[in-house]
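As a basis for the values below, the full set of heavy atoms in this structure was taken, side chains included, without hydrogen atoms, waters or symmetry mates. Bear in mind the structure is a predicted one, so any value in this text is a computation, not a measurement.
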Amino acid sequence: MLEVRIQDSDVRRKSNVLAVVLLGLLVAGVTLASFNIVRGQTQYNLVNFLFILVILMLLALNWFGAIRAASLLTVVLTAAGALLMSDESLATTYIAMPLPVLIASYLLTSWSAFVVAFLMIVGASVLEVASPSLLILIVVAIFSYLFANSLDRAYREIRHRALHDELTGLPNRTLFNDSLQQVLDSLDGNLCALLFMDLNEFKVVNDSLGHEAGDELLVVVARRLLACLRSGDTAARFGGDEFTVLLHRVTEVRDAVHVAERITTALESSLKLRGREVFISTSVGIALSEDGDGTADTLLRNADVAMYEAKKKDNANYEVFDAEMHTEALERLELENDLRHAIYEGGLRVYYQPKVRLSTGRIIGMEALVRWEHPERGWISPEKFIASAEETGLIVPLGRWVLREACRQAHEWRERHPSVTPLVTSVNLSIKQFTQPDLLQELSELLQETKLDPQRLQLEITESTVMEDVRYAIDLLQKLRRLGVELAIDDFGTGYSSLTSLQRFPVNELKIDKVFIDGLGNNAQDLAIAKLVIDLAHAVGARATAEGVETADQLARLQGIGCDQAQGYYFARPLLHDAATELLANVSRWPIDNPHPSEHSRDPGMFLERPGYSDPE
């Protein structure tokens with residue numbers, strides 16, 4: 001009964017108050033009618049019935065949204081009732097007279113209390129029941145006006161705070177969603193467009209200049225954003241460094257694109273924060289109302305998906321939504337869910353690729369590589385599911401599982417093949433694992449659990465990871481070395497390591513990225529870079545390992561420039577643990593003194609011919 005079919009919260013508030021008043025009058029009317037019936041006063045039955053009927057009609061008006069009409073009629077009803085009761089009891093009349101004054105001030109306008117009070121005094125004079133005591137209505141009107149006005153101001157202020165961002169003054173997510181849905185409901189064949197924006201360098205500003213500077217940046221962005229909008233358009237701060245823009249009058253997608261281009265251009269201009277010049281850029285997703293299903297949630301989702309597509313492209317400031325983006329987003333969600341199940345329910349496998357010492361041809365290590373055979377999609381590329389794991393945070397439990405499996409297998413090999421050259425098993429460590437505060441404790445517990453000698457484990461960290469925070473990386477790497485494990489910098493040559501930093505990194509190995517190995521024999525520059533990395537590794541007391549060696553020519557050139565170790569398809573594809581175990585037992589060394597394609601150059605023997613033994617890649 002108290003719920004009304006209206007959207008405006010202020011009107012809804014007044015409607016709820018009116019409903020309470022009417023329910024009170026209804027209860028009073030029913031009680032009085034019952035009392036009259038019990039006492040046998042049947043002469044009041046018709047009046048009581050009409051009163052209750054009118055109250056029910058007013059409740060119906062209130063329910064269907066005619067709030068002002070219902071409020072005005074309620075004031076008239078209570079005023080007339082108070083004056084008509086003068087025939088029965090003058091005292092009751094005077095007591096009831098303030099009621100319409102109060103109702104008017106709260107449900108109509110605050111100043112209407114004076115109008116009603118004046119009319120009540122005039123009515124009492126006409127009915128000859130007026131007295132100086134009625135002046136109390138003026139006092140009631142004054143207090144009602146002050147209280148109702150104060151209450152209304154407080155309500156509007158609270159409502160404004162609840163629906164606007166305190167920092168920028170823009171509408172917040174709640175108000176924007178409500179406005180968007182109202183616009184969508186009233187389009188009637190017309191178009192509107194939604195822009196979803198995300199600042200690209202906001203975290204850098206927060207981390208370097210502080211959160212107060214970040215707040216100043218958001219205020220500047222909001223001001224520049226408003227300056228780019230057309231008359232009638234709506235901008236909002238959606239949360240964090242995300243902003244949204246609702247374009248009301250759109251005839252085609254180019255209209256939205258023009259606004260997006262104005263916004264991106266305006267935000268690219270430099271600004272001063274705390275005495276420093278700062279540059280900011282934004283990625284914008286654009287979605288038209290015709291691409292949705294008429295709901296605000298769908299249009300926001302479409303624009304959000306398009307924004308993330310824009311973020312993937314370095315030179316793209318905006319992207320227009322199409323249906324394929326939604327399909328890809330659903331596929332990513334399904335992939336994440338399936339990957340989560342695979343991690344915790346044993347759906348992944350660890351493969352091992354041998355590392356060979358080029359001076360002897362002997363296997364001196366194995367690199368653990370995770371692979372995933374989806375029960376419905378088949379083999380899924382590591383690049384695809386690893387990227388998904390890093391984006392969603394699943395890389396931490398995934399990396400922990402791979403590390404445990406690799407340590408367990410390494411200990412098993414050590415037990416079964418003690419005569420083989422001491423193997424070092426390598427495991428890749430993601431940036432999220434590398435920055436975990438409990439990494440050392442977790443690793444120590446894992447080594448104790450699997451009974452693996454720390455010297456038989458090597459952790460591979462990419463060059464970009466260690467350069468993210470050099471001071472932190474040096475400290476952690478030193479602690480890892482004191483734990484006894486070996487350390488390697490993976491994909492070396494693709495980052496921005498300085499010689500000074502490299503000297504301070506306590507690493508055992510530098511791994512030359514495959515991109516440089518691919519060019520050996522065809523590109524003199526790649527050969528020079530590979531030689532530079534090898535010389536650099538030797539200069540800091542580390543080994544140099546080439547990744548992705550596939551041909552005899554590449555191997556020969558690597559030997560010629562002094563490379564220490566290599567791995568790749570030339571020796572063996574990644575193998576399941578059974579095949580890798582057989583390889584260790586049966587292949588003591590590769591004939592690499594005079595490298596050429598042989599039975600070992602492309603195929604380490606029977607291991608690759610068995611279904612499921614070789615890497616699906």
Original post:
Does some side-chain heavy atom of D490 sit less than 4.5 Å from a side-chain heavy atom of E463?
Top reply: no
**OP:** Look at atom CZ of R230 and say whether more than 12 heavy atoms of other residues, nucleotides or ligands are closer to it than 6.0 Å.
**Re:** yes
Subject >> Residues, nucleotides or ligands: over 12 heavy atoms within 6.0 Å of E212 CD >> reply: no
Original post:
Within a radius of less than 6.0 Å around CZ of R471, do more than 12 heavy atoms belonging to other residues, nucleotides or ligands occur?
Top reply: no
**OP:** Find out whether T295 and L184 are in side-chain contact, i.e. whether some heavy atom of one side chain is under 4.5 Å from a heavy atom of the other.
**Re:** no
Original post:
Can you tell me if CZ on R68 sees more than 12 non-hydrogen neighbours from other groups inside 6.0 Å?
Top reply: no
Original post:
Looking only at heavy atoms, what is the nearest atom pair of E391 and K432, with distance?
Top reply: O-NZ, 4.2 Å
**OP:** Examine the side chains of S15 and N62 and answer whether a donor and an acceptor come within less than 3.5 Å of each other.
**Re:** yes
**OP:** May I ask you to decide if R262's main-chain N or O and T265's side chain share a donor-acceptor pair within less than 3.5 Å?
**Re:** no
Subject >> Pairwise side-chain contact, I380 with L335, heavy-atom cut-off 4.5 Å (strictly under) >> reply: yes
**OP:** Look at E157 together with R153 and state whether they make a salt bridge at an N to O cut-off of under 4.0 Å.
**Re:** no
Original post:
Do N200 and S281 have side-chain N/O donor and acceptor atoms under 3.5 Å apart?
Top reply: yes
Original post:
When you measure from the side chain of D518 to the backbone N and O of V515, does any donor-acceptor pair fall under 3.5 Å?
Top reply: no
Original post:
L218 versus L199: any side-chain heavy-atom pair under 4.5 Å?
Top reply: yes
Original post:
If we ignore angles and hydrogens, is there a donor and acceptor under 3.5 Å between the side chains of N177 and Q181?
Top reply: no
Original post:
Counting heavy atoms not belonging to E277, are there more than 12 under 6.0 Å from its CD?
Top reply: yes
Original post:
What do you reckon, is CD of E252 surrounded by more than 12 foreign heavy atoms closer than 6.0 Å?
Top reply: yes
Original post:
Is a side-chain N or O of Q433 found less than 3.5 angstrom from the main chain of S430, in a donor-acceptor match?
Top reply: yes
Original post:
Using the ring of each side chain (for Trp, its six-membered ring), is H164 parallel, tilted or perpendicular to H160, with breaks at 30° and 60°?
Top reply: parallel
Original post:
Quick one: does R237's side chain have a donor or acceptor within less than 3.5 Å of a partner on L167's backbone?
Top reply: no
Original post:
Can you tell me if S289 uses its side chain to pair, donor with acceptor, with the backbone of C192 under 3.5 Å?
Top reply: yes
Original post:
Side chains of F516 and V533: does their closest heavy-atom pair fall under 4.5 Å?
Top reply: no
Subject >> From F238 atom CZ to M197 atom CE, the distance as rounded to the nearest 0.5 Å >> reply: 13.5 Å
Original post:
Would I474 and F505 count as a side chain to side chain contact (heavy atoms under 4.5 Å, CB included) if you check the C-alpha gap in whole Å, the side-chain angles of each, and the deciding distance to 0.1 Å?
Top reply: CA-CA 6 Å; I474 292 173; F505 291 148; 3.4 Å; yes
Original post:
Taking D304 for the side chain and M307 for the main chain, is one N or O donor matched with an acceptor at less than 3.5 Å?
Top reply: no
